[in-house]
Visitor: 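Have a look at this one.
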Amino acid sequence: MSQCGRLVCVVGCRGWRKYISSSSSVVLSHHQQYHQFTIGRPSCNPLLTVEPLVLHTSKRLKHRQGGGKRDDISHLFIPVPVKARQDEINVGEEMAGPLKKAEILRVLNRFFSDQAVKELAKEHGLGDYLYQQSFVSFRKFCLDSETLPVDLHIIISDILQSAGNVHDIYPTFLKHAQKTFPHLICMDDLYKISDLSNPPNWYPEARALNRKIIFHAGPTNSGKTYHAMQRFLQAESGIYCSPLKLLATEIFTKSNENGTPCDLVTGEERRQGNTEGLAAQHMACTVEMTSVSQPYEVAVIDEVQMMRDPMRGWAWTRAVLGVSAKEIHVCGEAAAISLVSQLAEAAGEEIEVRRYKRLTDLTIESYALQSLANVHPGDCIVCFSKRDIHQVTREIERIGHEVAVIYGGLPPGTKLAQAHKFNDPNHPCKILVATDAIGMGLNLSIRRIIFYSLIRPNINEKGEMEMETLSVSSALQIAGRAGRYGTQWDHGYVTTMKPEDHPTLCRLLSQVPDDIEQAGLHPTPDQIELFAYHLPSYTLSNLIDVFVNLCTVDSSLYFMCLMDDFKFLADLIQHIPLPLRSRYVFCCAPINKKMPFVCAMFLKFVRQFSQNEPATLEWLCHQVKWPLSLPATVLELVHLEEVYDVFDIYLWLSYRFPEMFPEAELVRDLQRELDGLIDTGVSQIVRLLRNADRRTSSTAADNEDTFIMDQRKKNAKKGRRLPLDVPPTGVTDRPPVTNQRIKNTIQDSLTKQLLDQGLLSPKMLAQLQKEWKNQIKSEDDVGSRYNDNDDGTKKPPGPPWKKKPGRR
């Protein structure tokens, strides 16, 4: 009977086998029912009737994997190791005879190279990469196992005896591939979990309300937020969603001062406005802390154009779609009107747009500043790097002006103190040097904005940092801070430092920002937890990668926010054992990954949590070397800022894990004290810069003597003796010995006579060099035999066998 078109049933009993036609039904036994194994083969193509084991592949999966960018995601799936079999009884060998490793390898290589197998594997979700990785795992399993599965052992034995086809291996291979890549059997579930195509449906409480959205659109200093806040204060209950905790704190303070009890909720702080200790009906919070379950009468969402932010945009999208309030007042640029209108339409809600004009005039000066000697009271020089801030501050104070400094890394208290100093008409400080941190969140009395540069760092869509020209939106936002309504400067001015930047500024401020087209989205902890259920061996960082690449997003309205910081923290703590939910929470912590000290302390927090050891105040003070002193250099000021951020992280964690971070109030007290130190340091930043310059020049070995002494001290700590004549530069050979050293160490020698008389011949010089080398060698040999005691005396030389060769 021909092989093609028959059903092969293998009957094994101590090495013999029998082949029966396709119409037969065979029971395999060895004195009892033992095994039944069936492989279907068609009459013409052996692969057409091979059925995968429990694999359901939808058209959608084929569509997503079929082309375009989806082909690139296969490398995200990590192969799961499959343990080799260690069975003591080799049933397959008893039934079909022994197999050699070389024979198994030869058959497997034929199977892997078969083109028909590759085509079938692609139909079942195994592209080139996954097919290759699955085969590598399958081959390792077969070669490392002491005993093969019975069916596979028999199939390979048949193939070796030309009674089978390599295609017969495919069902066993596919089953192994599903173990190696678990996503193959749950792709439909993963697609459903990562379906982000209809975000309005995520918030049933909000959809149950007949919400009305009121958009307050206008430029900076137009009163749009003021009008929204009037409705907030008049309502029976309300929530204010702020882009910054500084701004949330301001609303919290003003609301309580105006007689409207208001609570404050940020990632690091909870404060109650009601003196009786009860929760108030109004709340000011950072936008990430917005509650989507608590009902309110009025909600105010400030700076709604931040929905386009590649890192934080998801928080504004969540607030707009999910906050449970009858009236939603959103404030922001007119460029966001179209997007908010589309979101409202998708949610079935009405929207009303109220437009506002600027309350004061803003004039672009016809000339650039050119020199810092031309600054006047009320000027604010905007820089986009700390280096520029330091340079500008030093130059202005050298001229004789006192300067206030504000940048993003400063604590909120320090920012407010610097702003108050600048705003106070009775204070001698009349000049402000700041970054774009002044664009929102601070009330500043600025007469003129001066752009020191129009180039700023920015994060692109790929998460990469690049330098680019200031956007129209940012230019308008920053320039609009000049001439604030209700201050001493009722007319604002704007210009640039460099003449070549002035035409670009005029062009930017004459334009209207492009409409915002997309709002950010972000996976929830529940979605990631479901992914982890289906892919239990994957790391959190890898789960995020898979989710982002598999998710379905309506690109006409939404985009997936960058999660680089989240993944950075996930990789940082991956080696520490944690429950998935706790790991997710830790990775959401607000950390500047550019600060090594902050990252190191975060790692210690996580390790302390993993060991079930509370992070007490005593432990924390020991880690940060508290108490700290006033900074003497800019580097020390930066370190204080890092410590402040560490305290912020502790407070943030204390509200998520209160039992493990139990001393939040005491840490907050330390943070207030540290805020004062930083404010003092910033106020004296020019002095810190000068100190840093002096220390840097010394460290850089501008002074050779100081450098040599520093090197001696370092080597002394390591137990090494540095020769007195070491040069300041890195020279490998021993340098020439100086005349002074010769006079001090050599008496009445040929060298001294020659030097005294000034007679030098080639022969004498050679002899002189020889004596120098011998003399130096003898001194070093003697010095190496004696070590200093603690009291400064010399220890006698030890036994010769204890001397360490090669050490001087």
Side-chain angles (χ1 to χ4, degrees), residues 219-221 246 250 358-386 388-408 410 413-454 475-499 501-502 505-506 509 679-690:
T220 304
N221 201 14
L246 195 62
E250 180 184 348
R358 184 176 169 86
L359 298 175
T360 59
D361 293 331
L362 180 64
T363 300
I364 305 175
E365 293 185 335
S366 58
Y367 52 88
L369 190 68
Q370 296 191 3
S371 171
L372 292 175
N374 298 326
V375 295
H376 297 289
D379 282 354
C380 173
I381 297 90
V382 176
C383 308
F384 296 110
S385 72
K386 278 191 176 181
D388 288 345
I389 284 181
H390 296 160
Q391 179 179 344
V392 171
T393 301
R394 171 183 285 186
E395 182 65 20
I396 293 176
E397 291 207 354
R398 186 184 65 81
I399 296 171
H401 298 288
E402 187 172 343
V403 179
V405 178
I406 296 176
Y407 52 87
L410 292 177
T414 301
K415 290 179 183 177
L416 289 173
Q418 294 291 310
H420 181 267
K421 180 172 70 172
F422 174 73
N423 290 337
D424 187 357
N426 299 320
H427 197 283
C429 176
K430 301 299 181 185
I431 308 297
L432 174 64
V433 178
T435 64
D436 54 347
I438 65 167
M440 60 179 71
L442 285 171
N443 293 324
L444 296 166
S445 180
I446 299 174
R447 171 186 170 270
R448 178 172 60 173
I449 290 288
I450 302 165
F451 286 94
Y452 192 72
S453 171
L454 294 178
L476 290 170
Q477 180 91 7
I478 297 170
R481 305 300 288 178
R484 182 175 179 82
Y485 179 77
T487 67
Q488 58 179 321
W489 311 112
D490 56 1
H491 191 123
Y493 298 89
V494 59
T495 188
T496 61
M497 179 68 186
K498 305 170 187 175
D501 288 340
H502 194 270
L505 178 66
C506 294
L509 298 184
D679 181 41
T680 303
V682 172
S683 300
Q684 303 174 0
I685 194 167
V686 172
R687 180 181 62 83
L688 304 188
L689 288 169
R690 290 172 183 160

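None of the values given here were measured: they were computed from a predicted structure.
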Visitor: On a heavy-atom basis, which atom in Asp361 and which in His491 lie closest, and how many Å separate them?
Guide: CB-CE1, 3.6 Å
Visitor: Using a 3.5 Å distance criterion without hydrogens, assess whether the side chain of Lys430 forms a donor-acceptor pair with backbone atoms of Pro425.
Guide: yes
Visitor: Which of these, Val375, Ile396, Leu432, sits in a side-chain contact (heavy atoms from CB on, under 4.5 Å) with Val403?
Guide: Ile396
Visitor: Nearest 0.5 Å, please: how far is OH in Tyr493 from CG in Leu362?
Guide: 10.0 Å
Visitor: Taking the side chain from Arg448 and the backbone from Ala482, do they hold a donor-acceptor pair closer than 3.5 Å?
Guide: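 Such a contact is absent between Arg448 side chain and Ala482 backbone.
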Visitor: Starting from the C-alpha separation in whole Å, work towards a yes-or-no answer on side-chain hydrogen bond (donor to acceptor under 3.5 Å, both in side chains) for Ser371 and Asn374.
Guide: CA-CA 6 Å; Ser371 171; Asn374 298 326; 4.7 Å; no
Visitor: Short question: side chain of Asp501, backbone of Ser453 - any donor-acceptor pair under 3.5 Å?
Guide: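 Absent.
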Visitor: Just wondering, do Cys380 and Ile438 contact through their side chains at under 4.5 Å, heavy atoms?
Guide: yes
Visitor: Quick one: are Cys383 and Val433 in side-chain contact, heavy atoms under 4.5 Å?
Guide: yes
Visitor: Check for a donor-acceptor pair, side chain of His502 on one end and backbone N or O of Glu365 on the other, with a separation under 3.5 Å.
Guide: yes
Visitor: Can you tell me how far the OH atom of Tyr452 sits from the CG atom of Leu369, to the nearest 0.5 Å?
Guide: 10.5 Å
Visitor: For residues Lys386 and Thr435, determine if any side-chain heavy atom of one lies less than 4.5 Å from a side-chain heavy atom of the other.
Guide: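 A side-chain contact under 4.5 Å is absent here.
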Visitor: In Å, rounded to the nearest 0.5 Å, how long is the span from CD of Gln391 to CD1 of Ile381?
Guide: 12.5 Å
Visitor: Are side-chain heavy atoms of Trp489 and Ile446 found at a separation under 4.5 Å?
Guide: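 With C-beta onward as the side chain, the pair stays apart.
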Visitor: With Arg484, which of Asn443, Asn221, Asp490, Thr360 fulfils side chain to side chain donor-acceptor pair (under 3.5 Å)?
Guide: Asn443
Visitor: Quick check for you: to the nearest 0.5 Å, what is the distance between Thr496 atom OG1 and Gln370 atom CD?
Guide: 9.0 Å
Visitor: Are the side chains of Pro377 and Arg447 in contact, using a 4.5 Å heavy-atom criterion?
Guide: no
Visitor: May I ask you to check whether over 12 heavy atoms, not counting those of His420, lie within 6.0 Å of atom NE2?
Guide: no
Visitor: Using side-chain contact (heavy atoms from CB on, under 4.5 Å) as the criterion, point out the one residue from Ile450, Ile449, Thr495 that pairs with Asp379.
Guide: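 So the option named by the test is Ile450.
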Visitor: With a 4.5 Å cut-off on side-chain heavy atoms, are Gln418 and Ser683 touching?
Guide: yes
Visitor: If every non-hydrogen atom of Ser445 is compared with every non-hydrogen atom of Phe422, which pair is closest and at what distance?
Guide: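 In this case the closest contact between Ser445 and Phe422 is O-CE2, 3.2 Å.
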Visitor: Nearest 0.5 angstrom please: Leu359 CG to Thr220 OG1, how far?
Guide: 11.5 Å
Visitor: Taking the side chain as every heavy atom from C-beta outward, state whether Leu444 and Thr487 have any atom pair closer than 4.5 Å.
Guide: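 Not touching, per the 4.5 Å side-chain cut-off.
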Visitor: What verdict does the side-chain contact (heavy atoms from CB on, under 4.5 Å) test give for Leu509 and Leu476, after you've listed the backbone C-alpha separation in whole Å, the side-chain angles of each residue and the deciding distance to 0.1 Å?
Guide: CA-CA 6 Å; Leu509 298 184; Leu476 290 170; 3.8 Å; yes
Visitor: By salt bridge (charged side-chain N to carboxylate O under 4.0 Å, His left out), which residues pair with Lys498, not counting sequence neighbours?
Guide: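 Lys498 satisfies salt bridge (charged side-chain N to carboxylate O under 4.0 Å, His left out) with no other residue.
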